[in-house]
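Labels below follow one simple rule: chain letters A, B, ... track the order of the sequence lines, proteins then strands, and each chain is numbered from 1. In this text, all values refer to a predicted model and were calculated from it rather than measured experimentally.
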Number of protein chains: 2
Amino acid sequence: MAINMRPSQALRLWQQVAVDEVVAGIPDLSTRQIAILLTIYLDPPPHTVRGLASRLGVSKPVITRALDTMGALDLVSRRRDEADRRNVLIRRTVTGALFVERFGDVVIAKARELPT
Amino acid sequence: MAINMRPSQALRLWQQVAVDEVVAGIPDLSTRQIAILLTIYLDPPPHTVRGLASRLGVSKPVITRALDTMGALDLVSRRRDEADRRNVLIRRTVTGALFVERFGDVVIAKARELPT
DNA sequence: ATTGAATGATACGGACCCGAAACGATCATG
DNA sequence: CATGATCGTTTCGGGTCCGTATCATTCAAT
């Protein structure tokens, strides 16, 4: 069952979720950071800096810096790939999993409240 | 008709939209900026710095700075309220309206593509 | 006119991010 | 072993944003 919504509903949904996040005092992530975070948690591992940079069409330092910031928030963690020590494997954390899960719940709740 | 979706669909939708925005090279707005922008375009005017700060539970400088940035991107504009010259009325722009409209279309498109 | 409240902008030191370039570490190939 | 490619990080100057406090302007009430 594909999800169908009108433009006004789509925009209202995005607004409600964004406002809810701001009011809740959640870390103010940028669109880039959200894209990286959700890709790590939704797409199958392994995730590497280069892979994420390629997927998002950004430079590697962009990924490195985003991982620095989100790592400080304990939303993701990094670990050397022992098979090929040039690689860094990006891993999920308990905190990050809870964050993503809660975020999904907010989206669902706001979607359910949308006016017809 | 309320929109119903499962957690995996909600998160996947957010990821698809965020990744699409990043790949498209859109200005990398923060969650705060998006909340402000959509509130200006979806909620009925007039919009003031104080009103937005109150609505989002943030300080006035946060709103002022976000308006500076989004004003430089021509997404919003400011104008003195001639009735009460202490107020600044935040106004929509053609560029901003197109940006918001296009964003809504992206959300709809990604929602329609969601797997069952 | 004078005082006080209200509004939005600004100053401050500190932190983060940008794109481009260079870097060290590691691997694969000869 | 060398050599070159690959991977992630770091550096650089410049910009943006943070929270807190203060500011100038304007209005309202004495």
Side-chain angles (χ1 to χ4, degrees), chain A residues 18-19 21-37 39-40 43 45-92, chain B residues 18-19 21-37 39-40 43 45-92:
Chain A
V19 169
E21 296 294 294
V22 173
V23 171
I26 292 302
D28 188 31
L29 301 181
S30 69
T31 299
R32 283 179 170 185
Q33 292 171 326
I34 292 172
I36 293 169
L37 183 67
T39 296
I40 292 169
D43 286 5
H47 296 290
T48 64
V49 171
R50 177 181 154 69
L52 290 171
S54 170
R55 169 94 198 264
L56 299 178
V58 298
S59 66
K60 289 186 295 180
V62 166
I63 305 297
T64 293
R65 284 186 288 250
L67 294 179
D68 287 343
T69 301
M70 293 192 291
L73 296 171
D74 198 29
L75 296 176
V76 299
S77 74
R78 278 182 277 200
R79 180 184 196 176
R80 276 284 160 197
D81 180 358
E82 292 302 333
D84 183 343
R85 293 186 51 77
R86 288 173 302 182
N87 287 336
V88 164
L89 302 180
I90 294 120
R91 307 198 305 171
R92 303 162 186 167
Chain B
V19 169
E21 296 294 294
V22 173
V23 171
I26 293 302
D28 188 30
L29 301 181
S30 69
T31 300
R32 283 180 170 185
Q33 291 171 326
I34 292 172
I36 294 168
L37 181 68
T39 296
I40 292 169
D43 286 5
H47 296 290
T48 64
V49 171
R50 178 184 142 70
L52 290 171
S54 171
R55 170 90 197 267
L56 298 178
V58 298
S59 66
K60 289 187 294 180
V62 165
I63 304 297
T64 293
R65 283 187 291 251
L67 294 179
D68 287 344
T69 302
M70 294 192 290
L73 296 171
D74 197 29
L75 296 176
V76 299
S77 75
R78 278 182 276 202
R79 181 186 195 173
R80 276 283 161 200
D81 181 357
E82 292 302 332
D84 182 344
R85 292 185 51 77
R86 289 174 300 183
N87 288 336
V88 164
L89 303 179
I90 294 122
R91 308 198 305 171
R92 303 161 185 169

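Atom NE2 of His47(A) is separated from atom CD1 of Ile63(A) by 11.5 Å, given to the nearest 0.5 angstrom.
Put simply, CZ on Arg32(A) is 13 Å from C1' on dT16(D), counting in whole angstrom units. In this entry the distance linking CG of Leu67(B) with P of dC18(D) reads 11 Å, nearest Å. The distance from atom CZ of Arg50(B) to atom C1' of dT26(D) is 15 Å, rounded to the nearest whole Å. For the pair Asn87(B) CG and dC27(D) P, the interatomic distance rounds to 9 Å; values are reported in whole Å. Summarising the geometry, the separation between CG on Leu89(B) and C1' on dG8(C) is reported as 12 Å, rounded to the nearest angstrom. Rounded to whole angstrom, the span from the CD1 atom of Ile90(B) across to the P atom of dT7(C) amounts to 13 Å. The distance from atom NE2 of His47(B) to atom C1' of dG8(C) is 17 Å, rounded to the nearest whole Å. If you measure from atom CD1 of Ile63(B) to atom P of dG8(C), you get 10 Å, rounded to the nearest angstrom.
At the phosphate of dC17(D), OP1 or OP2 sits under 4.0 Å from a side-chain N or O atom of Gln33(B). Considering only side-chain N and O atoms, Thr64(A) lies under 4.0 angstrom from the phosphate OP1 or OP2 of dT9(D).
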Go through it in stages, so that I can follow the logic: the residues are Arg78(B) and Asp68(B), the test is side-chain contact (heavy atoms from CB on, under 4.5 Å), and I'd like the CA-CA distance, side-chain angles, deciding distance and then a yes or no.
CA-CA 9 Å; Arg78(B) 278 182 276 202; Asp68(B) 287 344; 2.3 Å; yes
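Considering only heavy atoms from C-beta on, Arg55(B) comes within 4.5 Å of Asp43(B) through its side chain. Counting only heavy atoms from C-beta outward, the side chains of Leu56(A) and Arg32(A) never approach each other to under 4.5 Å. Side chains of Arg91(B) and Val76(B) form no contact here, defined as non-hydrogen atoms less than 4.5 Å apart. Within the 4.5 Å cutoff, no side-chain heavy atoms of Ile26(B) are placed close to those of Thr31(A).
Side-chain N/O atoms of Arg65(A) and base N/O atoms of dG8(D) include no donor-acceptor pair closer than 3.5 Å.
For Arg80(B) (side chain) and Val88(B) (main-chain N/O), no donor-acceptor pair under 3.5 Å exists by modelled atom type.
For residues 68-77 of chain A, proximity to DNA chain D is found at no residue, defined as any non-hydrogen atom under 4.0 angstrom from a strand atom.
Within 4.0 Å of Thr48(B), counting heavy atoms only, lie sugar-phosphate atoms of the nucleic acid but no base atom.
With a 6.0 Å radius and a threshold of 12 heavy atoms from other residues, nucleotides or ligands, Arg50(A) has its CZ atom at or below the threshold.
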5' to 3', nucleotides 24-30 of chain C under a 4.0 Å protein heavy-atom cut-off (B base, S sugar-phosphate only, - none) gives --BS---
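For the residue pair Ser30(A) and Asp28(B), a side-chain donor N or O sits within less than 3.5 Å of a side-chain acceptor on the partner.
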